[in-house]
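All heavy atoms count here, side chains included; hydrogens, waters and symmetry mates do not. Model, not experiment: these values are computed from the prediction. Within every chain, numbering begins at 1; the chains are lettered A, B, ... in the order of the sequence lines, protein sequences first and strands thereafter.
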Protein chains: 2
Amino acid sequence: MKRNTWQREAVREALGGSEGFVSAQALHSSLREQGSPIGLATVYRALSDLATEGEADSLQQEGEALYRACTPGTHHHHLICRNCGLAVEIEADAVESWAKDVAAEHGFTEASHVVDVFGYCAECSAKRA
Amino acid sequence: MKRNTWQREAVREALGGSEGFVSAQALHSSLREQGSPIGLATVYRALSDLATEGEADSLQQEGEALYRACTPGTHHHHLICRNCGLAVEIEADAVESWAKDVAAEHGFTEASHVVDVFGYCAECSAKRA
DNA sequence: ACGCCCGATGATAATGATTGTCAAAAGCGA
DNA sequence: TCGCTTTTGACAATCATTATCATCGGGCGT
Ligand SMILES: [Zn+2]
Ligand SMILES: [Zn+2]
Ligand SMILES: [Zn+2]
Ligand SMILES: [Zn+2]
């Protein structure tokens, strides 16, 4: 059976307190700065578990995995700021059905998809002007 | 100015001869098995250049970068077999405009997107039955 | 509350992909 | 061909992530 540890809860809270996607390394540093003695491997394990359980979304950017707390139980995608990491959850049934259809048309089964939109958020856009 | 070396051409040909996405490591091994003395770093550099010049597409899977020769000059996405790496180029103007619109609606600028569909191709689906 | 069992933790080493270094090799224009 | 400059490739360095494994502590039965 799965146990409840303060470490898991600390990761969950730290993730929830972030507006955007963060890396395991960054989350660990952040927790350490706040005085938590949590270990790096534990952060990796917790994030991996959260992602598996559907409580967090993950994506790969520049060779590293980024995580974000997300609305549990719903399938959705993200609009992510390249500069500050701010993420907005977006839904698009049209894209869902398109992905399913295009896979079926080519004889592919067990289709899944990766859909992420990147850009500079309004705030970051203003700063770079 | 950019120089023409047999190494660059070897990578281009090896990439073109592959039906699906391949990793830099795999492409290097493949070339070595064919007797080519090309170096690993060179394969990485060549693939990176090809991707930059738009002659190859790349994607991240399980922490490693995969490359594939693709139709130059066209923006498209891929339907990829999780088992054998077979890739089919797919186009969907609907998805393109959706991505642009959703970014604009949220005040995001310079929008780009990552859209990949994964599954098991007909052949691999049959094998696993 | 106590004790025990087993999953969880964390310091550390190991892994594996990618990149940096730099001397030697090879394009290409003159 | 000569010389300049880019490219190459063996190797080391880097970086994120995972494996190890001795130790810790959650929580169930008592
Ligand atoms: Zn989400
Ligand atoms: Zn979707
Ligand atoms: Zn392509
Ligand atoms: Zn296949």
Side-chain angles (χ1 to χ4, degrees), chain A residues 1-15 18 20-53 55-68 80 82 85 114 116 118, chain B residues 1-15 18 20-53 55-68 80 82 85 114 116 118:
Chain A
M1 66 301 307
K2 197 179 314 179
R3 292 177 184 174
N4 266 339
T5 65
W6 63 265
Q7 286 97 333
R8 292 243 202 251
E9 196 51 36
V11 170
R12 202 192 310 256
E13 280 184 27
L15 200 61
S18 169
F21 279 81
V22 286
S23 69
Q25 304 269 354
L27 203 63
H28 178 243
S29 298
S30 166
L31 284 165
R32 280 302 185 89
E33 283 171 14
Q34 291 168 35
S36 174
I38 193 170
L40 178 59
T42 303
V43 174
Y44 271 101
R45 281 187 289 243
L47 287 175
S48 174
D49 288 352
L50 286 173
T52 300
E53 294 160 17
E55 290 197 59
D57 281 342
S58 69
L59 63 89
Q60 305 272 130
Q61 195 182 38
E62 294 163 25
E64 69 179 350
L66 302 182
Y67 296 87
R68 178 172 188 272
I80 304 130
R82 274 191 285 263
V114 174
D116 295 305
F118 294 91
Chain B
M1 69 299 307
K2 196 181 311 176
R3 292 177 184 176
N4 265 340
T5 64
W6 62 265
Q7 287 96 333
R8 288 258 212 273
E9 196 51 38
V11 169
R12 202 193 310 258
E13 280 184 27
L15 199 62
S18 168
F21 279 82
V22 286
S23 68
Q25 304 271 351
L27 203 62
H28 178 244
S29 297
S30 167
L31 284 165
R32 282 300 184 91
E33 284 171 14
Q34 291 169 35
S36 174
I38 192 171
L40 177 58
T42 303
V43 173
Y44 272 100
R45 283 186 288 243
L47 287 174
S48 175
D49 288 352
L50 286 174
T52 299
E53 295 160 16
E55 290 198 60
D57 280 343
S58 70
L59 64 87
Q60 303 272 128
Q61 193 181 40
E62 293 163 25
E64 71 179 351
L66 302 183
Y67 296 86
R68 178 173 189 270
I80 305 130
R82 273 191 286 262
V114 175
D116 295 306
F118 295 90

Going by number, which of residues 27-37 of chain B have a non-hydrogen atom under 4.0 Å from DNA chain C? none
Does one side chain, of B:Gln34 or B:Ser30, offer a donor that lies under 3.5 Å from an acceptor on the other? yes
Given atom CG of A:Leu47 and atom P of C:dG10, what is their separation to the nearest angstrom? 13 Å
I want to check something: taking the side chain as every heavy atom from C-beta on, are A:Val11 and A:Asp49 in contact at a cut-off of under 4.5 Å? no
Are any non-hydrogen side-chain atoms of A:Leu50 and A:Tyr67 less than 4.5 angstrom apart? no
Expressed in angstrom and rounded to an integer, what is the separation of B:Asp49 atom CG from D:dT7 atom P? 8 Å
Atom-pair distance (CD on A:Glu9; P on C:dT9), nearest Å: 12 Å
Looking at A:Gln25, is its backbone amide N or carbonyl O close enough to the side chain of A:Ser29 to form a donor-acceptor pair, meaning the two atoms are under 3.5 Å apart? yes
Contact between A:Val114 and B:Leu59 at the side-chain level, heavy atoms closer than 4.5 Å - yes or no? no
Mind checking what makes side chain to side chain donor-acceptor pair (under 3.5 Å) contact with B:Glu9, not counting sequence neighbours? B:Arg12
Count the heavy atoms of every other residue, nucleotide or ligand shown that sit under 6.0 Å from CD of A:Glu62, and state whether that count exceeds 12. no
Which nucleotides of nucleotides 12-30 of chain C have their base under 4.0 Å from a protein heavy atom (B), which only their sugar-phosphate (S), and which neither (-), written as one string 5' to 3'? -----SBB-B----BBS--
State, with a plain yes or no, whether a side-chain heavy atom of A:Gln61 is found less than 4.5 Å away from one of A:Phe21. no
